[in-house]
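What follows is a set of notes on a single structure, which appears directly below.
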Amino acid sequence: MSTLKFDEGRLMQVLVSPIVSEKATNAAEQGQVLFKVLRDATKPEIKAAVELLFKVEVKSVQVLNQKGKTKRFGGRIGRRDHAKKAFVCLKDGQELNFSGEAA
């Protein structure tokens with residue numbers, strides 16, 4: 001587990017939601033899991049949050065900042081919110097269980 005200490009309340013908020021898509025399914029075959037995370041979250045925070053919430057060992061974390069798309073809402077032009085994605089690579093033999101039960 002992580003040696004750095006983080007505020008547990010903050011770690012509970014870092015992971016916004018898992019990403020379920022075709023790209024996420026392909027990444028899962030390589031032992032990676034995708035999450036939408038807070039925009040100010042750091043790699044060590046993301047790693048600690050995944051290890052705390054899912055009781056797994058994380059090998060590495062890559063992040064991707066995604067710009068919000070420009071969209072039209074009726075006659076007005078607006079923009080979706082920016083987002084930050086995290087590609088979490090699990091150590092060999094580790095598996096993520098989204099049901100919330102410890103295995």
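Here, residue 1 is the first one in the sequence, and each next residue gets the next number. A quick note: this is a predicted structure, and the numbers were derived from the prediction, not measured.
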Step-by-step side-chain contact (heavy atoms from CB on, under 4.5 Å) determination, Phe35 to Val16: CA-CA 7 Å; Phe35 289 100; Val16 177; over 6 Å; no
side-chain contact (heavy atoms from CB on, under 4.5 Å) between Glu45 and Thr42, intermediate numbers included: CA-CA 5 Å; Glu45 273 183 331; Thr42 62; 3.4 Å; yes
With rounding to the nearest 0.5 Å, note down the distance linking [atom1] in [X] to [atom2] in [Y].
X     : Y     : atom1 : atom2 : value
Phe87 : Gln30 : CZ    : CD    : 11.5 Å
Gln13 : Leu38 : CD    : CG    : 7.0 Å
Leu34 : Thr25 : CG    : OG1   : 9.5 Å
Lys59 : Cys89 : NZ    : SG    : 4.5 Å
Leu90 : Glu95 : CG    : CD    : 9.0 Å

Side-chain (Glu57) to main-chain (Gln94) donor-acceptor, under 3.5 angstrom: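 Not confirmed, Glu57 side chain does not pair with Gln94 backbone.
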Backbone N/O of Ala41 and side chain of Lys84: donor-acceptor pair under 3.5 Å: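 Yes, the answer is positive, given that a donor and an acceptor are paired below the 3.5 Å cut-off.
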Leu52 with Val14, same ILVMFWY side-chain cluster at under 4.5 Å: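 Yes: a chain of side-chain contacts under 4.5 Å links Leu52 to Val14.
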State, to 0.1 Å, how close [X] and [Y] come at their nearest heavy-atom pair, and which atoms those are.
X     : Y     : answer
Gln62 : Ser60 : NE2-OG, 3.7 Å
Ala86 : Val37 : CB-CG1, 3.9 Å
Arg79 : Gly68 : CG-O, 3.6 Å
Val56 : Glu51 : O-CG, 3.1 Å

For Arg80, the option from Lys67, Gln66, Lys69 that meets side chain to side chain contact (heavy atoms under 4.5 Å, CB included): Lys69
Trace of the side-chain contact (heavy atoms from CB on, under 4.5 Å) decision for Lys91 with Val58: CA-CA 6 Å; Lys91 289 189 177 176; Val58 174; over 6 Å; no
Step-by-step side-chain contact (heavy atoms from CB on, under 4.5 Å) determination, Phe54 to Leu15: CA-CA 11 Å; Phe54 298 104; Leu15 302 178; 3.9 Å; yes
N-O pairing of Asp40 and Arg10 below 4.0 Å: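 Yes, charged N to carboxylate O under 4.0 Å.
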Exceeds 12 heavy-atom contacts within 6.0 angstrom, atom CD1 of Ile77: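 For Ile77, atom CD1 is not crowded (no more than 12 foreign heavy atoms under 6.0 Å).
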